Amino acid sequence: MGVGDVLDHAMRRRPRRPEPPGAARRSVRRHPLVHADARPGRARLLRRAAAPSGRRGPSVGRRRNAAYTRAGEETQPHPDEWRSSTTADSPEERDAAKTIRDRMLSMLATKDMDFMQPTITFNQRAQTVLVTGGPVSQLPEDHQDVFRRVGEMAACSTLAHRLENDPTTWPYGRFSVHWKTSDGDLGAAALGFGEATDGCVAETAGQWHGDEFGMATAEIPSSDKSEIRVADATVKAIVATWNAHTAETNEDALTVNDGISLGFDPVESAAYVWTDDPNSRFASRASQSNLKGAVEAAVCRKLTDEFNSDKSWNYTRWAVAVHDAYTGTRQFVGSGTCTI
């Protein structure tokens with residue numbers, strides 16, 4: 001009997017990224033990942049808005065007499081929407097802009113990326129809040145993608161709460177994230193867009209699943225001292241948990257030199273564990289299941305301890321991926337949300 005079962009990993013719905021006709025989608029992954037049992041025909045997934053604490057936030061459906069009237073539209077943002085957007089005019093807009101900016105900078109700071117200062121503007125006709133970054137010279141592509149994800153989450157969660165609390169007066173439900181290549185840029189490219197009516201974090205049947213975008217962010221070293229401390233302690237706890245069950249699983253003992261790594265994704269408040277399996281320890285389904293069980297037990301214990309001792313600690317989710325020698329990719333074998 002294994003410590004845990006392999007968790008079926010489903011594809012997730014995400015805020016969309018615009019693509020010009022014929023353009024090839026760029027990958028932001030440092031290492032390609034595949035899903036453990038990703039099959040076609042999955043049901044359409046809803047997104048759940050993340051509250052500031054990292055807990056699940058509201059999902060706002062269509063409402064009668066709502067001020068926001070574009071719910072369900074999937075049209076890409078038009079360049080004129082960005083060009084004609086303006087800075088916050090009303091007290092409500094100024095408060096929303098400050099909230100989005102503060103949330104973005106808080107997330108970016110954990111990766112030492114708060115030098116990417118966002119500008120928040122509004123287009124009431126398009127019912128869209130626009131987040132703009134740049135220009136930053138010689139910025140790595142993965143940094144720009146972190147800015148996109150952070151901007152999407154901060155805007156989406158802020159708008160979701162506004163739509164929930166003030167549905168008859170708050171007109172903004174769409175958001176888009178843009179990047180300027182120069183100070184005089186008259187047409188900042190859209191990196192991503194979406195709306196806040198269906199929430200902001202995808203789940204399948206009430207379960208959160210990690211993905212390659214979160215993994216790519218987690219692989220970027222953290223600059224937050226608490227995250228560094230918790231990551232180090234949690235890797236040791238994973239090894240200890242695995243070793244405590246070797247009599248039951250008939251597995252060989254692990255050491256901290258067996259390639260177990262952990263990083264944090266501040267966007268979805270998740271701890272990602274991965275291994276490139278240098279000693280071929282996790283090639284079998286049984287070993288992957290045992291690793292999944294050890295990771296879930298150790299990570300949730302450490303995240304819960306930190307959550308209870310530090311009121312600013314937001315991380316409550318976890319995911320684990322292992323190297324697949326046959327495909328040369330990483331494969332997710334488990335993910336979920338800790339009970340805190």
Side-chain angles (χ1 to χ4, degrees), residues 9-18 35 42-64 66-77 92 95-96 99-100 102-104 106-107 120 126-131 145-146 148-177 190-214 217 265-271 314-319 335-340:
H9 185 82
M11 297 299 290
R12 308 177 56 198
R13 176 183 166 202
R14 286 285 174 190
R16 297 166 295 280
R17 286 190 281 180
H35 300 288
R42 298 284 180 163
R44 186 175 184 224
L45 307 182
L46 294 180
R47 294 174 294 166
R48 304 291 182 191
S53 65
R55 296 183 177 87
R56 190 180 305 165
S59 178
V60 183
R62 297 174 184 268
R63 298 187 179 207
R64 295 182 62 184
Y68 176 61
T69 60
R70 296 187 64 183
E73 288 190 26
E74 296 189 358
T75 54
Q76 296 190 17
E92 293 78 13
D95 182 69
T99 300
I100 293 170
D102 288 349
R103 290 181 182 177
M104 288 187 67
S106 177
M107 287 186 274
I120 315 301
Q127 298 190 308
T128 301
V129 173
L130 302 95
V131 177
D145 203 68
V146 171
R148 173 189 65 81
R149 296 183 69 238
V150 165
E152 287 173 346
M153 178 57 74
C156 187
S157 58
T158 300
L159 297 186
H161 284 281
R162 285 282 180 176
L163 291 170
E164 175 73 11
N165 295 331
D166 306 300
T168 61
T169 59
W170 182 255
Y172 301 102
R174 282 171 60 95
F175 57 87
S176 56
V177 181
L191 303 179
F193 67 103
E195 65 174 356
T197 55
D198 288 334
C200 307
V201 176
E203 294 181 344
T204 305
Q207 296 295 317
W208 176 84
H209 298 282
D211 68 9
E212 65 270 26
F213 299 109
T217 299
D265 172 29
V267 178
E268 294 196 344
S269 301
N314 293 330
Y315 295 98
T316 59
R317 302 182 178 104
W318 63 273
S335 56
T337 303
C338 302
T339 301
I340 295 179

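Note that the structure is predicted; figures quoted are calculated from it, not measured.
In this structure, R174 fails the cation-pi test against Y68, since its NZ or CZ atom is not both closer than 6.0 Å to the six-membered ring centre and inside 45 degrees of the ring normal.
Note: N314 CG to E268 CD = 13.0 Å, rounded to the nearest 0.5 Å. In this structure, SG on C200 lies 10.5 Å from CD on E195, to the nearest 0.5 angstrom. Expressed to the nearest 0.5 Å, how far CD1 of I100 lies from OG of S157 amounts to 8.0 Å. Between Y172 atom OH and T128 atom OG1 the span is 9.0 Å, to the nearest 0.5 Å. How far OG1 of T168 is from CG of L163: 11.0 Å, rounded to the nearest 0.5 Å.
Looking at R149 and E152, no side-chain N of the basic residue comes within less than 4.0 Å of a carboxylate O on the acidic one, giving no salt bridge. Taking a cutoff of 4.0 Å between a charged side-chain nitrogen and a carboxylate oxygen, D265 and R317 do not qualify as a salt bridge.
Residues A160 and A196 come closest through the heavy atom pair N-CB, 3.6 Å. Contact between Y315 and S269 at its shortest, heavy atoms only, is CD2-C, 3.3 Å. Residues R148 and L191 approach most closely at CD-O, 3.2 Å, considering heavy atoms. Residue W208 comes nearest to W318 through the heavy atom pair CZ3-O, 3.1 Å, listed as atom of the first residue, atom of the second, then distance. Of all the heavy atoms in A319 and G210, the pair that sits closest is CB-CA, 4.1 Å. Of all heavy-atom pairs between A154 and M104, the closest is CB-CG, 3.4 Å.
Checking side-chain atoms of S106 against main-chain N and O of D102 turns up no donor-acceptor pair under 3.5 Å. Distance alone, capped at 3.5 Å, is enough to place a donor-acceptor pair between the Q127 side chain and the T69 backbone.
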* Derivation of the side-chain contact (heavy atoms from CB on, under 4.5 Å) call for V131 and F175 -> CA-CA 8 Å; V131 177; F175 57 87; 6.0 Å; no
* To do: Quick one: do M153 and V201 satisfy side-chain contact (heavy atoms from CB on, under 4.5 Å)? Show the steps, please.
  => CA-CA 8 Å; M153 178 57 74; V201 176; 3.6 Å; yes
* Intermediate values then yes/no, side-chain contact (heavy atoms from CB on, under 4.5 Å), L159 and V129 -> CA-CA 9 Å; L159 297 186; V129 173; 3.8 Å; yes
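Side-chain atoms of F213 and D145, non-hydrogen and from C-beta on, do get closer than 4.5 Å to each other.
The side chain to side chain contact (heavy atoms under 4.5 Å, CB included) search around D166 returns R162, T169, W170, not counting sequence neighbours.
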